[in-house]
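Sequential numbering from 1 along the given sequence is applied to the chain's residues. All values reported here derive from a predicted model rather than from experimental measurement. Values below: all heavy atoms of this structure, side chains included; hydrogens, waters and symmetry mates excluded.
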Amino acid sequence: VLAIADRVVVMQNGRNIQNGTPLQVYNNPCNAYLANFFGKTNIIKANIINQKLDTALGEFQLPEEIKQRSNATVLLSIRPTAFMLVNAETSGTIPVNISKIRFMGEYIEMVCTTTLPEKPSVEIIVHLTTEPVNLKEKQHLKIRKNGFSVLNND
């Protein structure tokens with residue numbers, strides 16, 4: 001559907017839950033059902049505090065379109081391809097330990113556990129399009145996220 005359509009309408013339980021271009025629906029799903037419908041994603045709980053998203057992956061900037069929701073809990077969808085390896089500790093870096101590595105042909109899938117101080121550990125899926133040299137299970141890495149979507153609570 002994503003490859004051939006110029007518009008996508010997704011229904012759940014007999015009602016239209018989202019429509020738009022394939023890129024819009026894939027990158028900005030309205031809820032967890034739709035986020036998982038078109039492929040793997042990481043669903044992460046976030047608390048909105050002082051116009052920031054506080055998550056187990058650290059603090060993220062609250063997108064402009066949801067500024068009206070304050071002191072609420074929301075879910076974020078972060079696609080496995082939205083992560084990248086980084087070499088240095090910078091703002092927004094997420095330290096992880098690799099639990100599993102799987103060669104999937106066009107990409108490497110890593111199941112990682114976060115190790116941020118004073119944050120609960122969560123398991124996330126990371127897809128890398130090329131195989132970095134010498135990656136192995138139980139290795140400690142630093143990653144960065146390049147995007148996320150805030151989901152509705154329905």
Side-chain angles (χ1 to χ4, degrees), residues 1-86 92-116 118-130 135 137 141-154:
V1 169
L2 297 177
I4 61 171
D6 43 337
R7 300 271 321 154
V8 175
V9 176
V10 180
M11 297 183 73
Q12 181 183 20
N13 298 324
R15 67 181 183 91
N16 177 347
I17 60 169
Q18 188 169 353
N19 65 72
T21 68
L23 188 63
Q24 290 168 334
V25 173
Y26 180 81
N27 285 332
N28 299 295
C30 66
N31 62 23
Y33 168 81
L34 188 57
N36 284 297
F37 186 80
F38 285 116
K40 290 186 180 180
T41 192
N42 296 286
I43 304 293
I44 305 292
K45 181 179 151 187
N47 296 309
I48 301 174
I49 301 170
N50 297 325
Q51 300 302 310
K52 300 271 187 198
L53 292 164
D54 183 38
T55 77
L57 303 180
E59 194 173 84
F60 304 153
Q61 187 63 45
L62 185 68
E64 287 292 323
E65 64 270 15
I66 62 164
K67 289 279 189 206
Q68 72 277 8
R69 297 188 207 173
S70 59
N71 301 321
T73 299
V74 295
L75 295 176
L76 306 182
S77 169
I78 306 174
R79 296 282 180 200
T81 54
F83 293 102
M84 63 181 193
L85 293 178
V86 292
T93 300
I94 305 163
V96 297
N97 287 326
I98 302 173
S99 304
K100 293 180 188 167
I101 299 175
R102 293 185 276 249
F103 176 70
M104 304 296 285
E106 295 179 356
Y107 61 92
I108 300 297
E109 180 175 272
M110 298 186 310
V111 178
C112 300
T113 303
T114 60
T115 60
L116 278 166
E118 301 179 20
K119 295 283 184 183
S121 294
V122 292
E123 193 172 86
I124 57 173
I125 298 171
V126 176
H127 289 174
L128 303 174
T129 55
T130 58
L135 280 183
E137 290 181 5
L141 300 172
K142 293 176 182 70
I143 60 172
R144 221 180 143 74
K145 62 131 190 75
N146 286 327
F148 62 90
S149 296
V150 177
L151 305 175
N152 295 332
N153 288 330
D154 53 358

(message) With a 4.5 Å cut-off on side-chain heavy atoms, are Val8 and Asn19 touching?
(response) no
(message) For a quick check under 3.5 Å, do Asn97 and Thr113 share a side-chain donor-acceptor pair by atom type?
(response) no
(message) One thing to verify: whether Lys45 and Asp54 come together as a salt bridge, which I'm taking to mean a side-chain N less than 4.0 angstrom from a carboxylate O.
(response) no
(message) Here's one to test your reading of the geometry: is the NZ or CZ of Arg79 within 45 degrees of the ring axis of Tyr26 and under 6.0 Å from its centre?
(response) yes
(message) Would Lys145 pass as a cation-pi partner of Phe60, given that its NZ or CZ must be under 6.0 Å from the six-membered ring centre and within 45 degrees of the axis?
(response) yes
(request) Identify the heavy atoms of Ala56 and Thr114 that sit nearest to each other, and give their distance. (result) O-OG1, 4.3 Å
(request) I would like to know whether Leu53 and Phe148 meet side chain to side chain contact (heavy atoms under 4.5 Å, CB included); could you show each step before the answer? (result) CA-CA 11 Å; Leu53 292 164; Phe148 62 90; 3.5 Å; yes
(message) Does this structure show an ion pair linking Lys100 with Glu109, if we count only N-O contacts that are shorter than 4.0 Å?
(response) no
(message) What I'd like to find out is whether the side chain of Ile108 reaches to under 4.5 Å of the side chain of Ile101, using heavy atoms alone.
(response) yes
(request) Measure the shortest side-chain to side-chain distance between Tyr107 and Thr81 over non-hydrogen atoms and say whether it is less than 4.5 angstrom. (result) no
(request) Write down the atom of Ala82, the atom of Ile78, and the distance for their closest heavy-atom approach. (result) CB-CG2, 4.0 Å
(message) If you apply the rule side chain to side chain contact (heavy atoms under 4.5 Å, CB included), what do you find for Val86 with Met84, and how did you get there?
(response) CA-CA 6 Å; Val86 292; Met84 63 181 193; 4.2 Å; yes
(request) Verify the distance criterion only: is there a donor paired with an acceptor across the side chains of Ser77 and Thr41 at less than 3.5 Å? (result) yes
(message) Could you check whether any side-chain heavy atom of Leu151 comes within less than 4.5 Å of a side-chain heavy atom of Leu76, counting everything from C-beta outward?
(response) no
(request) Measure the CZ-CD1 distance between Phe37 and Ile17 for me, rounded to the nearest 0.5 Å. (result) 8.5 Å
